[in-house]
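Hydrogens, waters and symmetry mates play no part in the numbers below; they use all other heavy atoms, side chains included. Order of the sequence lines sets the chain letters (A, B, ...), proteins ahead of strands, with each chain counted from 1. Computed from a predicted structure; not experimentally measured.
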Protein chains: 2
Amino acid sequence: MYSKDIAKLAGVSRSTVSRVFNNYPNVSVETKEKVNRIIKKYNYVPHGPARTLAGKHNKVIGVFIINVDHKDEKFNVFRNTYFSPFTGAAIDCADKLGYNVLVVVIDKNSDFRKIRELFNNKTLSGGIFIGALNSPPKILELVESGYKLVIIDQDQNYQSKVKGNYIIVNSNNFEGAYTATKYLIELGHHNIAHICGDIKKLSGSERLKGYKRKMNEAGLKIKKHYIANGDFTENSGYRCAKELLKGKNNNKNKITGIFCSNDAMAIGAIKAITEMKLRIPDDISIIGYDDTEISSYISPSLTTIRSSILKMASVATRNIIDFIENGIESSKFHVIPTELIERSSTKKLEN
Amino acid sequence: MYSKDIAKLAGVSRSTVSRVFNNYPNVSVETKEKVNRIIKKYNYVPHGPARTLAGKHNKVIGVFIINVDHKDEKFNVFRNTYFSPFTGAAIDCADKLGYNVLVVVIDKNSDFRKIRELFNNKTLSGGIFIGALNSPPKILELVESGYKLVIIDQDQNYQSKVKGNYIIVNSNNFEGAYTATKYLIELGHHNIAHICGDIKKLSGSERLKGYKRKMNEAGLKIKKHYIANGDFTENSGYRCAKELLKGKNNNKNKITGIFCSNDAMAIGAIKAITEMKLRIPDDISIIGYDDTEISSYISPSLTTIRSSILKMASVATRNIIDFIENGIESSKFHVIPTELIERSSTKKLEN
DNA sequence: CTGTTAGCGCGTTCAT
DNA sequence: ATGAACGCGCTAACAG
């Protein structure tokens, strides 16, 4: 069933059908009604590719999940407690605005070519990157090629150096980390360690900064062995916790609190600590970041910093669609606020 | 950069470029090489929509997640421990075969119209349904319209009644449920309850059958109040467990084991039981179904039936692509085997 | 307000 | 083995 057929049935020309379907103003009320009736009756939908070919943009956006360097978790991208809900929320939000979402997982650098193809061949009108390193050349090349993009978790300062406009959406990483550290301090902890995320990512480095700043402001010393280098994976959290807490069993280690740069690492840390026969929160208080679903399920439930993933996704999605439909005159920068969620993995330090 | 440009640069006609790109046999080796060099150099990719318009099929498949009746979990589709990994695996598998995946969440019945549109306007060449009720008329209408579909979790017996071919992929529900029940019995349990999934879904009704069959074969009575009607959600598992275990605190209830039709409900049940101050597995043994990621994290870790979600997804994806590219002569039916995963939510009954 | 016409980029005859 | 010409279904520019 094509516009030609609708035209014949309605006794008008194909152009009129097109005009009616696209809600153009210059059509008489009667013909509009007449044509609309036929359209409804036959469930007519214009042929998408033909539409794009004739100059309209496809109502499809991409969500690009960058998973390079984590081949071991290959099949688990969608089990990732951050990527999954983000993608779900983006799909939901796009749907409300009449858009569809094509999901692409990037395992290796060469996969960027695929994204370029998807844009080149006009399958996509825009896209959202999650899991990217900070100021990744591959992505900025795409921006310079004129593709419309939102990047989650990127340093704003690079925007001026790039030819072309794009949109950044970030969690308020510094503030969140600052709050987490402050909370532990207020609970009476002094020897607070930090398990870093990948510091090549903005969230990793900013959260580290927030931790350091608050420690300094509180006049607490950050000993060298208080900072462990994780990479946002659960395994790294496990490894780092073991490293940080070496000697804790025979009281040679004073650490009583750990701020983990995300929930996944916090969960790894909890595993490690439990294995070491230490108790949470009695011996060690743990605080995470993200408030992923699993945080409320594990035992003990995890105190964490929420920076609504849903909100990040909806801001990203609404903005990319606005970008596609109306364009933007300059790059944009959005920050999603944070909030402390108190659960049972943290405890006031006795005495 | 279009085929026209490549043609000019290579000093050939557009047709030749097209022939080279699509690997036609009737091109001389030299021109083929020459053209390929230019294609590589400029990263040429044919314009997708134009291609479809000229008669090729789009290399895009849909994953349709049916979430009707669960509006409360609206934003949580992707936190769903079953849908998420399935979708991820499907994307990964499709990618390997050169296909992209468009994800659609169906919240209400009217959303089916959207799927029809996506097929009508040639955005999609095929699709996979997950979360469907058994023999859902809306989906079968799509099959009869000639759209290429895989449906997960469907009764094979309906296939003959439908005009048109489609593909079914199921877990071996009956066998899995039978094994789960058998396991509890072998651990010495006699009073075994079952929390059903939505019995309008094949998995819900088949697992119930498996439970009943094994109980009967073992000569164990299934009392009426041993079966509670859940709907595969965690909340329903919580509610059903409370219902099943009423009176357990003052020894008026003999139930010592519960087989839950999926892991989500088992997790809900664990919450309820913990709240009731009963111990798992000491007072109650719990077994689930699906082996979702979270099962190994919760405390106690959950004994469950694995019917590899990854495998289901890859079978579904490979089959839909084969269907698209080569067609099928009749409907197909695939069953994924099951396996018992022993963890710590089950225990041999003393005395 | 409406119809006619051209052209989007590609794959494919049909010639050669 | 290669090029010219047509048509896929649609929107947009141009007439009227």
Side-chain angles (χ1 to χ4, degrees), chain A residues 1-36 38-39 42-60 98 116-125 324-325, chain B residues 1-39 42-60 116-125 324-325:
Chain A
M1 179 60 65
Y2 298 120
S3 72
K4 186 178 52 174
D5 309 306
I6 301 294
K8 193 172 292 176
L9 287 162
V12 297
S13 75
R14 279 186 331 107
S15 336
T16 303
V17 174
S18 172
R19 281 193 267 259
V20 171
F21 189 90
N22 294 299
N23 250 318
Y24 281 49
N26 50 348
V27 186
S28 78
V29 186
E30 306 116 51
T31 49
K32 184 179 277 188
E33 256 181 41
K34 185 172 54 180
V35 174
N36 263 328
I38 313 262
I39 287 180
Y42 292 90
N43 278 322
Y44 166 73
V45 199
H47 189 286
R51 220 158 184 242
T52 329
L53 192 58
K56 293 284 192 194
H57 62 252
N58 244 357
K59 291 209 168 194
V60 180
R116 192 172 279 278
E117 285 180 16
L118 253 13
F119 275 108
N120 268 348
N121 78 14
K122 302 289 187 283
T123 298
L124 299 179
S125 301
I324 292 168
E325 303 197 332
Chain B
M1 180 58 66
Y2 298 121
S3 71
K4 186 178 51 177
D5 309 306
I6 301 293
K8 194 172 290 175
L9 286 161
V12 297
S13 75
R14 272 190 337 100
S15 327
T16 303
V17 174
S18 171
R19 281 193 266 261
V20 170
F21 190 91
N22 294 300
N23 252 317
Y24 280 50
N26 51 347
V27 186
S28 79
V29 186
E30 308 116 49
T31 49
K32 184 179 278 187
E33 256 180 42
K34 187 173 54 180
V35 174
N36 263 329
R37 228 181 9 252
I38 313 260
I39 286 180
Y42 291 91
N43 278 323
Y44 167 73
V45 199
H47 190 288
R51 223 161 183 245
T52 338
L53 193 58
K56 295 281 192 199
H57 62 251
N58 243 357
K59 290 209 168 196
V60 180
R116 192 172 279 278
E117 284 180 17
L118 252 15
F119 276 107
N120 268 348
N121 77 15
K122 302 290 186 279
T123 299
L124 299 178
S125 300
I324 292 167
E325 302 197 334

K.L.:
With heavy atoms under 4.0 Å as the rule, sort A:Thr31 into base, sugar-phosphate or nothing.
P.N.:
sugar-phosphate
K.L.:
Could I get the full list of side-chain contact (heavy atoms from CB on, under 4.5 Å) partners for B:Ala54, not counting sequence neighbours?
P.N.:
none
K.L.:
Taking for each residue the nucleotide of DNA chain C bearing the nearest heavy atom, is the 5' side occupied by A:Val12 or by B:Pro49?
P.N.:
A:Val12
K.L.:
Sequence neighbours left out, cut at 3.5 Å: what donor-acceptor pairs do the side chains of residues 43-50 of chain A make with other protein atoms?
P.N.:
{"residue": "A:Asn43", "atom": "OD1", "partner": "B:Arg113", "partner atom": "NH1", "Å": "2.7"}
{"residue": "A:His47", "atom": "ND1", "partner": "A:Ala50", "partner atom": "N", "Å": "3.2"}

K.L.:
OP1 or OP2 of D:dT2 versus the side-chain N and O atoms of B:Ser28: is any pair under 4.0 Å?
P.N.:
yes
K.L.:
Please name all residues satisfying side-chain contact (heavy atoms from CB on, under 4.5 Å) with A:Leu124, sequence neighbours left out, ordered by chain then number.
P.N.:
A:Val60, A:Phe64, A:Leu102, A:Leu118, A:Phe119
K.L.:
Over how many whole Å does the gap from B:Asn120 atom CG to D:dG9 atom P extend?
P.N.:
13 Å
K.L.:
Decide yes or no for B:Arg51 and B:Asn22: does some side-chain heavy atom of the first lie under 4.5 Å from some side-chain heavy atom of the second?
P.N.:
yes
K.L.:
For A:Asn23, enumerate each residue passing the side-chain contact (heavy atoms from CB on, under 4.5 Å) test, keeping only those at least two apart in sequence or located in another chain.
P.N.:
A:Lys32
K.L.:
For each nucleotide in nucleotides 10-16 of chain D, reading 5' to 3', give B when a protein heavy atom comes within less than 4.0 Å of its base, S when such contact involves only the sugar-phosphate, and - otherwise.
P.N.:
BBBB---
K.L.:
For B:Glu325, which residues count as a side-chain contact (heavy atoms from CB on, under 4.5 Å) partner, sequence neighbours excluded?
P.N.:
B:His57, B:Lys59, B:Tyr99, B:Ile321
K.L.:
Would you kindly give the NZ-to-P distance between B:Lys59 and C:dG11, to the nearest whole Å?
P.N.:
12 Å
K.L.:
I want to verify a distance call: between C:dC1, D:dT2, D:dG3, whose nearest atom is closest to the B:Val27 side chain?
P.N.:
D:dT2
K.L.:
In whole Å, I'd like the distance from the NZ atom of A:Lys122 to the C1' atom of C:dC10.
P.N.:
13 Å
K.L.:
Between A:Thr16 and C:dG3, is there a side-chain N or O to OP1/OP2 distance below 4.0 Å?
P.N.:
yes
K.L.:
Which comes earlier along DNA chain D counting from the 5' end, the contact point of B:Pro25 or that of B:Leu53, where each point is its nearest nucleotide?
P.N.:
B:Pro25
K.L.:
Take the protein atom CD of B:Glu33 and the nucleotide atom C1' of D:dA1, then report the distance between them rounded to whole Å.
P.N.:
16 Å
